[in-house]
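First up is the structure itself, then whatever we jot down about it.
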Amino acid sequence: MTMTSNINDSLAGAISLALKELYGIEQQPADVVLQETRRDFKGDSTLVVFPYVKQARKSPEAVAAEIGEAVKKALPEVSGYNVIKGFLNFEIADNYWLQFLAEKASDPLFGLAAVDAKAAPVVVEYSSPNTNKPLHLGHIRNNLLGWSVSQLLAAAGANVKKVNLVNDRGIHICKSMLAWLRYGNGETPESSGMKGDHLVGKYYVEFDKHYKDEVKQLMESGVEEEQAKREAPLMVEAQQMLKRWEEGDKEVRALWEKMNGWVYAGFDETYNRLGVGFDKVYYESQTYLLGKELVQKGLDMGVLFRKEDGSVWCDLTGDGLDQKLLLRKDGTSVYMTQDLGTALLRHNDFGAERLIYVVGNEQDYHFKVLKLILGKLGFSWADKVYHLSYGMVELPNGKMKSREGTVVDADDLIDEMEKTAEEMSREHGKNDELCEEERKHLYHILALGALKYFILKVDPTKNMLFNPAESIDFNGNTGPFIQYTHARIRSIVRKAGDLSEFSTLNSQFSIGEKERGVLKVLHSLPDTITAAANAYSPAMVANYAYDLAKAFNSFYQDTPILREENAQLKAMRVSLCAAVAGALKNTMNILGIEVPERM
RNA sequence: GGCUCCUUAGCUCAACUGAAUAGAGCAUCUGACUACGGAUCAGAAGGUUGCAGGUUUGAAUCCUGCAGGAGUCACCA
């Protein structure tokens with residue numbers, strides 16, 4: 001006998017049938033809600049019968065008992081049931097769990113859906129940095145989320161394409177360029193020994209400093225603040241530079257290319273360390289013109305309008321919003337203009353089923369407007385745009401502020417984590433067999449395991465607090481705890497050698513509570529991945545991996561595995577170990593976290 | 001000020017579409033090692049789920065009001 005369906009599906013089907021036969025209640029199997037039986041009660045799967053008692057015209061206890069009896073008769077996998085108030089707890093036979101282990105959980109790809117490469121892709125945009133300063137903690141959450149959500153959707157069967165949209169043009173870039181010209185003395189990454197993105201960032205800060213001085217001086221000479229900000233010579237010059245850039249001025253373009261090149265080299269290094277990547281990279285410098293064309297089209301269609309000063313707007317007052325600027329009076333484009341263009345381009349490039357944007361919740365308004373304007377421009381696919389809006393990262397002493405120097409730099413943070421991982425490993429590790437290079441790699445994956453898990457375990461939609469001290473913790477609900485569990489299991493499996501696969505046919509044993517506990521967590525993996533993908537929530541996967549590791553550790557602590565004398569039982573336990581290791585590896589992989597063989 | 005979101009143990013976080021006694025980790029305290037890897041496990045303590053109402057057989061979850069916090073309302077991105 002081979003297993004065809006999941007026990008919960010069987011239960012739902014049988015319950016649906018029983019409801020109809022006993023009480024004439026029409027309830028589709030898909031609508032039958034089953035939940036895991038709470039630890040304190042006997043059973044594996046629970047049906048709450050309260051919703052049916054009114055129609056059944058019987059007491060909750062009676063309804064539960066009648067359904068229980070009918071389901072038990074219908075399904076051989078149900079070994080029994082018990083009723084407590086309106087809760088019907090089904091008990092699932094050992095054989096079901098053993099068969100599940102042998103036939104499903106042992107598959108290295110258990111829980112992962114096959115990807116149809118021909119299906120319309122789901123395009124995930126994430127990272128999308130500005131090229132005027134290096135990546136910081138906020139970008140880290142974005143990058144980890146983007147990568148992980150992509151992995152997650154793929155695990156659920158989607159044909160995912162990861163894209164990055166580099167914001168390589170605009171007034172902010174001009175600020176860095178201008179400051180470098182003025183104050184840089186020809187400094188380069190080579191001459192300074194600085195990473196390119198950090199060097200350019202330094203001049204962005206430099207601009208701000210001098211600009212503020214100018215504003216202050218103007219105000220002291222009696223100019224109003226607003227006017228001073230607008231008319232400070234540095235600002236005027238930066239704007240002129242942007243204009244020259246848009247006109248294709250050779251000198252400006254050459255400098256722009258040089259400095260952006262520095263930044264890209266720096267970014268690539270950071271992306272590599274974070275273990276993220278893209279299928280396609282867009283540059284706004286190559287796409288913003290399309291946005292301008294769209295604006296012209298909108299004007300022709302009459303859904304946009306031009307003001308007297310020449311600026312172009314979209315009127316959204318009918319949608320309860322404001323008017324939105326799309327082109328400045330000097331004809332240069334703004335953020336929204338570009339995003340309109342890139343959305344169209346991306347739609348044309350991929351014929352996407354969904355366009356997902358991993359962008360912070362500070363831009364909720366922007367995306368609301370983006371979808372509205374796309375709709376007004378007549379694009380039926382506007383509703384395929386999905387803003388995966390994630391919360392801000394805060395520090396124990398409040399928000400990150402560049403002015404106050406509280407920005408946590410991505411590269412520094414990774415350095416810190418790696419140092420700590422090395423210290424921890426030297427103290428606790430069992431890695432004598434590893435060579436120097438392997439050890440370096442180990443420190444790296446432990447450091448990133450800690451960092452990634454710390455960030456991804458939190459519900460993406462919520463703001464989170466990043467406590468540096470806790471993020472490098474290796475105990476409790478952390479990445480390294482799960483990595484450790486994996487390494488330990490792999491050690492057992494290696495020692496077990498090639499035990500012949502256990503067979504459920506002649507198994508002469510019953511499974512213990514701890515084993516059943518682990519099997520049940522394993523069993524819920526496919527459902528967890530589906531639910532997590534629907535919710536775009538790597539956090540659900542992270543918490544799953546932790547639950548599995550904990551269930552396993554508890555089992556491991558008081559159950560002999562290699563010391564077990566009953567060969568069948570031993571084989572089953574080794575098989576269980578291997579299955580858990582596989583599930584940990586796959587779920588951590590969704591989070592972008594590598595698991596080591598030893599640590 | 002308008003709009004959006006948030007508030008769960010001392011701290012950081014869970015709780016899938018409303019269901020049994022709201023769960024973990026950290027920190028604190030107590031146990032378990034000549035170990036199939038102790039970076040572990042077992043246990044104790046810790047809660048009026050911001051406050052006040054309402055809907056429901058049943059509310060952390062849904063509705064209303066209030067308080068506190070965040071974001072946004074740019075010719076920045």
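Just so it is clear, the structure is predicted and the values come from calculations on it, not from any experiment. Naming convention: chains lettered A, B, ... in sequence-line order (proteins, then strands); numbering from 1 in each chain.
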Fill in: Atom C1', compared across B:rA60 and B:rC6: separation rounded to whole Å
14 Å

Discussion item. Taking the ring centre of each residue, are A:Y357 and A:F367 less than 6.0 Å apart?
Written reply: yes

Worksheet item: Any chance the rings of A:F474 and A:F481 have centres within less than 6.0 Å?
Response: no

Worksheet entry | Nearest-angstrom distance, C1' atom, B:rG47 to B:rA39 | 31 Å

Discussion item. Tell me the interatomic distance from A:W313, atom CH2, to B:rC73, atom C1', rounded to whole angstroms.
Written reply: 13 Å

Discussion item. Between the base of B:rA19 and the ring of A:F50 - centre-to-centre under 5.5 Å, planes within under 30° - is that a stack?
Written reply: yes

Discussion item. Check A:K419 with A:E423, please: is the shortest side-chain N to carboxylate O separation under 4.0 Å?
Written reply: no

Discussion item. With a 3.5 Å cut-off and heavy atoms only, can you find an N or O donor on one side and an acceptor on the other between the side chain of A:N89 and the base of B:rA20?
Written reply: yes

Item to complete: Check each residue of residues 331-342 of chain A for a non-hydrogen atom within less than 4.0 Å of any atom in RNA chain B, then write out the ones that pass by number, or none.
Response: A:V334, A:Y335

Discussion item. Without decimals, in angstroms, what is the distance between A:D459 CG and B:rC16 P?
Written reply: 11 Å

Practice prompt. Consider the side chain of A:M424, meaning its heavy atoms from C-beta on, and name the nucleotide among B:rA39, B:rG71, B:rA70 that approaches it most closely.
Written response: B:rA39

Worksheet item: Between A:W256 and A:Y283, is the ring centre distance below 6.0 Å?
Response: no

Worksheet item: Expressed in angstrom and rounded to an integer, what is the separation of A:I84 atom CD1 from B:rA19 atom C1'?
Response: 14 Å

Worksheet entry | Rounded interatomic separation in angstrom, taking OH from A:Y81 and C1' from B:rA20 | 19 Å

